[in-house]
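Report on the structure given below.
All residue numbers in this chain count up from 1 along the given sequence.
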Amino acid sequence: MQNRFTPRRLYYGWVIVAVMAVAGGWTLSMGVANFGFFINPMRDDLGFDRAVFGWASSARTAGAAIGGIFIGRLIDRHGARVLLALFGGGGALLIAALAYVTAEWHLVAVYAIVGLLGMQGGANIYTGPVVSKWFVRNRARAMSMTYLGLPVALIAAFPLTQQLIEAFGWRTAWAVIGLVGVALIAPASLLFLRRQPSDLRMGVDGGASEVPGESGAQDDAGERSWTRGEALRSMTFWRLTVAFGLHMAGQQSVSLYRFPHYEDQGVSATLVGYAASLEGVASIASAFTVAFVAGRLGLQWTAALGFALMIASHVFTIIASNGAEVAAAVVLFGLAVTYLVVVQNLIYPAFFGRRHIGAIRGVSLAVSMGLGAISAPLTGYVADITGDFAPIWWAAVGVLALSGVLIATTKAPVARPAPVEAAA
């Protein structure tokens, strides 16, 4: 007789969550969230203008916008296992190669290629679509756990980056960060990633097994999936995409330059590095609460709350002149960015289903990143000309406010597409 106390087998979707948490977390640490720590040392050593770092950030964003269109469809068709190992490992090697940069165009070119490989902003083109394919009922919890990897990595990466720069120089810091990325991302992807539950004869959320290769519009979890073409004809898709694009423009205007700005205001670089770790702690708190808040407020109003927190962070960044104000700014930023990232990766599959989510997210990220790409260099130019970040950052606050209103007033699509037999 079967032992009724035999434990249930671990659903493999949670292994996928763990792998994507590692990949996304360290990708954010490879010159994305911690890029600002390199600006002053590289300017002092190489004489680069502030705007160059903005152009590098925008090149990475624009590259990710272009690459994401193709990467998303490849994930739908073949999964992310080999793709993330090759592109993630290759992107990490390029980050390590920044140790040898000597000219401004080197920095911009490397960042553009890394973006084309999808290594931008926590590797969202990989993490969100991959996890979405394994969960429907438990999607909010799974996505929250996935994005725990981002703050956990940043808690280590922020002080590590600053300490490496102070002890060994910025060149060594780039090399270490990139090589750690190679060691983490490529092996984990090859060993553990799988495309979707049916490949292991499992069902979504650990339920009954799906039929491998099934292509109907409605799956065994009862979730209706839109094709990419159907989503692109929906006004809801474009409202979401523009809202998150304006968010990216408003956020990137501040996020790249805030750490050197704090130092320029007289706050020590070491203190800034440790204060920045509080961002990771705040993001962990957000990851544990976002599913609960979304269940009570709905995804649109949860996103609007994220925008409000980001606005508050920007205000503290503008006025920051001591450690307490820096701490307030980074804590608010950590709360906001996790809410916005998690909700963004929940709302598209919630509205449009999971079967073609890679292709749909590829287009949405391309548009939103394109809208945000000009923000960083424009901010650098304004600061170089005026000697002050405040004017452009107050404009960013206005952009974020507009994004919050747009997302809060966006309704879920009412008309579902009829079932189809072939994927888009």
Side-chain angles (χ1 to χ4, degrees), residues 23-39 42-43 48-72 83-84 86-101 103-128 150 153-154 157 161 170 173-174 177-178 181-182 185 244-245 247-260 337 341 344 361-362 364-381:
W26 199 255
T27 298
L28 195 65
S29 306
M30 292 194 308
V32 181
N34 54 348
F35 190 25
F37 288 112
F38 290 92
I39 292 179
M42 292 181 72
R43 287 184 68 209
F48 289 178
D49 292 332
R50 285 192 185 95
V52 171
F53 298 94
W55 281 116
S57 179
S58 288
R60 189 169 184 166
T61 301
I66 297 169
I69 297 174
F70 305 100
I71 292 172
L83 196 66
L84 183 57
L86 290 176
F87 286 7
L93 280 175
L94 285 169
I95 291 296
L98 288 173
Y100 301 98
V101 68
E104 294 178 346
W105 72 267
H106 294 165
L107 179 65
V108 176
V110 167
Y111 260 54
I113 298 171
V114 170
L116 282 168
L117 298 177
M119 295 292 101
Q120 165 75 8
N124 270 339
I125 190 57
Y126 298 98
T127 49
L150 276 63
L154 291 181
T161 301
W170 60 268
W174 278 126
I177 289 169
V182 176
I185 297 172
F244 287 118
H247 148 244
M248 183 165 289
Q251 177 182 313
Q252 288 194 350
S253 176
V254 173
S255 62
L256 176 61
Y257 296 104
R258 57 194 172 125
F259 296 132
V337 75
V341 168
Q344 185 174 172
R361 289 292 283 132
S364 68
L365 286 170
V367 175
S368 61
M369 287 181 178
L371 288 173
I374 196 62
S375 175
L378 177 62
T379 300
Y381 277 126

What closest approach, in Å, do [X] and [Y] show between heavy atoms, and which atom pair accounts for it?
{"X": "Ser253", "Y": "Thr379", "answer": "OG-OG1, 2.8 Å"}
{"X": "Arg361", "Y": "Ser364", "answer": "NH1-OG, 2.7 Å"}
{"X": "Ala65", "Y": "Ala366", "answer": "O-CB, 2.9 Å"}
{"X": "Ser375", "Y": "Ala249", "answer": "OG-O, 2.6 Å"}
{"X": "Thr27", "Y": "Gln120", "answer": "CG2-N, 3.9 Å"}
{"X": "Pro260", "Y": "Gly36", "answer": "CD-O, 3.5 Å"}

> For the residue pair Tyr111 and Phe35, is the inter-centroid distance of their aromatic rings smaller than 6.0 Å?
Replying inline: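 Yes; Phe35 has its ring centre under 6.0 Å from that of Tyr111.
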
Pairwise side-chain contact, [X] with [Y], heavy-atom cut-off 4.5 Å (strictly under):
{"X": "Tyr381", "Y": "Asp49", "value": "no"}
{"X": "Met119", "Y": "Ile113", "value": "no"}
{"X": "Met369", "Y": "Arg60", "value": "no"}
{"X": "Leu365", "Y": "Met248", "value": "no"}
{"X": "Phe53", "Y": "Arg43", "value": "yes"}
{"X": "Met42", "Y": "Trp174", "value": "yes"}
{"X": "Trp170", "Y": "Val101", "value": "yes"}
{"X": "Leu116", "Y": "Phe87", "value": "no"}

What distance separates [X] [atom1] from [Y] [atom2], expressed to the nearest 0.5 Å?
{"X": "Asn34", "Y": "Ile177", "atom1": "CG", "atom2": "CD1", "value": "5.0 Å"}
{"X": "Leu378", "Y": "Trp55", "atom1": "CG", "atom2": "CH2", "value": "9.0 Å"}
{"X": "Phe38", "Y": "Leu98", "atom1": "CZ", "atom2": "CG", "value": "8.5 Å"}
{"X": "Ile185", "Y": "Tyr126", "atom1": "CD1", "atom2": "OH", "value": "9.5 Å"}
{"X": "Ile71", "Y": "Leu84", "atom1": "CD1", "atom2": "CG", "value": "9.5 Å"}

> Angle class for the Phe259/Phe37 ring planes (parallel below 30°, perpendicular above 60°, tilted otherwise)?
Replying inline: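 Rings of Phe259 and Phe37: parallel, as their planes differ by under 30°.
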
> Donor-acceptor pair, Tyr257 side chain versus Gly54 backbone, under 3.5 Å?
Replying inline: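 Such a contact is found between Tyr257 side chain and Gly54 backbone.
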
>> More than 12 heavy atoms of other residues, nucleotides or ligands under 6.0 Å from CZ of Phe48: yes or no?
In response: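 Counting other residues, nucleotides and ligands, CZ of Phe48 exceeds 12 neighbours.
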
